[in-house]
Number of protein chains: 2
Amino acid sequence: MLGIGELSRATEVKVPTIRYYEEIGLLPAPARTASNRRRYPLEAVQRLRFIRHARELGFDIPAIRALLALEGDGEPPCHRADAIARAHLDQIDQRIARLTALRDEISQMLADCDRACDDHCRVLEVLADHSHCRHQEH
Amino acid sequence: MLGIGELSRATEVKVPTIRYYEEIGLLPAPARTASNRRRYPLEAVQRLRFIRHARELGFDIPAIRALLALEGDGEPPCHRADAIARAHLDQIDQRIARLTALRDEISQMLADCDRACDDHCRVLEVLADHSHCRHQEH
DNA sequence: CTTGATGCTCTAGTCACTAGAGATTGTAGC
DNA sequence: GCTACAATCTCTAGTGACTAGAGCATCAAG
């Protein structure tokens, strides 16, 4: 059995975050000692590591809830876990594409600025007028 | 002069967002009509477009505040604007690198899952154990 | 037996909005 | 002038995923 601080060190999840996960029902409320302190079984380490790792991978909490629900429901969970992860992958690809477009635009803006700096500031100008740039849609 | 709705349509910034920008001092409080409605001068369109575009590029509000402060302070603003944009570019590069690493990991996880699905679910396993994966650090 | 670390609950703050209530005002058609 | 109804006003509260802090109780070590 572990105290919340030990669990925190074992999983690298901060103590208030553990309590927060309990509050939103992501982590089951553990037993308490006579003095009202949380005592976690060893399995809590696994579950919390799972949550932490999924969060690091950018899964949001509803998605993690769905993944956790797949464990121990009898059916082979692979297909549904796969679908959740695949949807997440699509989102990440979109975010990378968007960020790459922004990167190019800002980098272009800075290059323009180097050439035009003496005259007038390109950075402010480009930011002021959307039509100066190559990126489309939010 | 424009009403808030017209300003909203001209800039594609939603009405409550315009009021929010006023509240946090990003957009100066405009004159009011006798019946207390906001009347914006035409310059507000420029300023709000600037803000919107910078937000789309991922600048946060303190950064935008800094950029706006550069306008009209007499000094050639290029160098400071350049520094702000350049720092921002670094951040974007880091975000792209992180997302790309996550993408690769999830994609690898899914590929493993395809091969091992009949035995046991790789997706859940990889998520449960950080050591299964290639990505390092948060 | 005291000290300092750890734990508890509770409230409020973060960021950049978004949503909604409930009231008033402006505009168009009749 | 009357009636809809769209636009606007202020105000409060909610979002996601925590984080920070107050103020108290309890535990382990010296």
Side-chain angles (χ1 to χ4, degrees), chain A residues 1-27 29-40 44 47-68 88 91-92 95 98 102 127 138, chain B residues 1-27 29-40 44 47-68 88 91-92 95 98 102 127 138:
Chain A
M1 299 292 263
L2 305 161
I4 198 169
E6 291 164 305
L7 180 61
S8 170
R9 280 186 292 279
T11 57
E12 295 174 82
V13 175
K14 288 181 197 152
V15 168
T17 304
I18 296 173
R19 287 196 277 247
Y20 169 71
Y21 286 159
E22 179 182 328
E23 191 185 310
I24 64 171
L26 209 53
L27 207 56
R32 301 283 185 127
T33 65
S35 61
N36 201 32
R37 301 191 165 199
R38 291 168 177 85
R39 295 269 101 191
Y40 291 94
R47 191 181 177 98
L48 195 47
R49 277 198 185 137
F50 179 101
I51 294 169
R52 176 182 147 242
H53 195 192
R55 284 292 300 133
E56 273 172 2
L57 290 175
F59 289 84
D60 61 13
I61 278 168
I64 294 174
R65 227 185 274 274
L67 287 167
L68 285 169
H88 186 57
Q91 276 182 17
I92 291 178
R95 272 157 69 190
R98 266 211 344 245
L102 297 187
L127 284 170
H138 22 296
Chain B
M1 299 291 266
L2 306 159
I4 197 168
E6 292 163 304
L7 181 60
S8 171
R9 281 186 292 277
T11 57
E12 293 174 85
V13 175
K14 288 179 196 153
V15 167
T17 304
I18 295 173
R19 287 196 277 247
Y20 169 71
Y21 286 159
E22 178 182 328
E23 191 185 311
I24 64 171
L26 209 54
L27 209 55
R32 301 284 184 127
T33 65
S35 60
N36 201 32
R37 304 194 162 195
R38 290 167 178 85
R39 295 269 99 191
Y40 292 94
R47 191 179 177 99
L48 195 47
R49 277 197 185 139
F50 178 100
I51 294 169
R52 176 182 146 241
H53 195 194
R55 284 292 300 133
E56 272 172 4
L57 291 174
F59 289 85
D60 62 13
I61 277 168
I64 294 174
R65 226 184 275 275
L67 287 168
L68 285 169
H88 187 60
Q91 276 182 16
I92 290 177
R95 272 157 69 189
R98 269 214 338 253
L102 297 186
L127 283 171
H138 24 294

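Convention: sequence-line order gives letters A, B, ...; per-chain numbering from 1.
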Atom-to-atom span, CG of Asn36(B) to P of dC11(D) - whole angstrom: 10 Å
Taking every non-hydrogen atom, the tightest pair across Arg65(A) and Ile24(A): NH1-O, 2.9 Å
Distance test, side-chain N/O of Arg52(A) to OP1/OP2 of dC18(D), below 4.0 Å: no
Exam field: side chain Thr11(B) to backbone Arg49(B), donor-acceptor pair closer than 3.5 Å: no
Closest to side chain of Thr17(A), choosing from dC27(D), dA7(D), dT19(D): dT19(D)
pair Leu68(A)-Ile51(A): side-chain heavy atoms closer than 4.5 Å: yes
Euclidean distance, atom CD1 of residue Ile61(A) to atom P of dA17(D) [Å, nearest integer]: 5 Å
Sugar-phosphate only, base, or nothing, as touched by Ile24(B) at under 4.0 Å among non-hydrogen atoms: nothing
Touch class at under 4.0 angstrom, heavy-atom based, for Arg39(B) against every strand present: nothing
Residue Tyr21(A), side-chain heavy atoms: nucleotide from dC9(D), dA25(D), dC18(D) that is nearest: dC18(D)
Touch class at under 4.0 angstrom, heavy-atom based, for Arg19(B) against every strand present: base
Nucleotide dA17(D), atom P - distance to NZ of Lys14(A) in whole Å: 16 Å
Separation of atom CE in Met1(A) from atom C1' in dC27(D), rounded to whole Å: 17 Å
Check: Arg19(B) side chain, Ile4(B) main-chain N or O, donor-acceptor pair, under 3.5 Å: no
For atom CD of Glu6(B) and atom P of dA7(D), their distance in whole Å: 11 Å
Nucleotides bounding contact with chain B, strand DNA chain C, heavy-atom threshold 4.0 Å: dA16(C) to dG26(C)
Stepwise salt bridge (charged side-chain N to carboxylate O under 4.0 Å, His left out) check, Arg52(B) with Glu56(B): CA-CA 6 Å; Arg52(B) 176 182 146 241; Glu56(B) 272 172 4; 3.0 Å; yes
Position toward the 5' end of DNA chain C (nearest nucleotide), Glu23(A) or Arg37(B): Glu23(A)
Nearest-Å distance for atom pair CD1/C1', residues Ile18(B) and dA7(D): 13 Å
Nucleotide nearest Ser35(A) (side chain, heavy atoms from C-beta), chosen from dT19(D), dA7(D), dC27(D): dC27(D)
Side chain to side chain, Val13(B) and Ser8(B), heavy atoms closer than 4.5 Å: no
Atom-to-atom span, CD1 of Ile4(A) to C1' of dC27(D) - whole angstrom: 15 Å
Contact check, side chains of Pro30(A) and Glu22(A), non-hydrogen atoms, under 4.5 Å: yes
Nearest-nucleotide comparison on DNA chain D, the residue closer to the 5′ end among Asp60(A) and Arg32(B): Arg32(B)
Any Arg38(B) side-chain N or O less than 4.0 Å from OP1/OP2 of dT10(D): yes
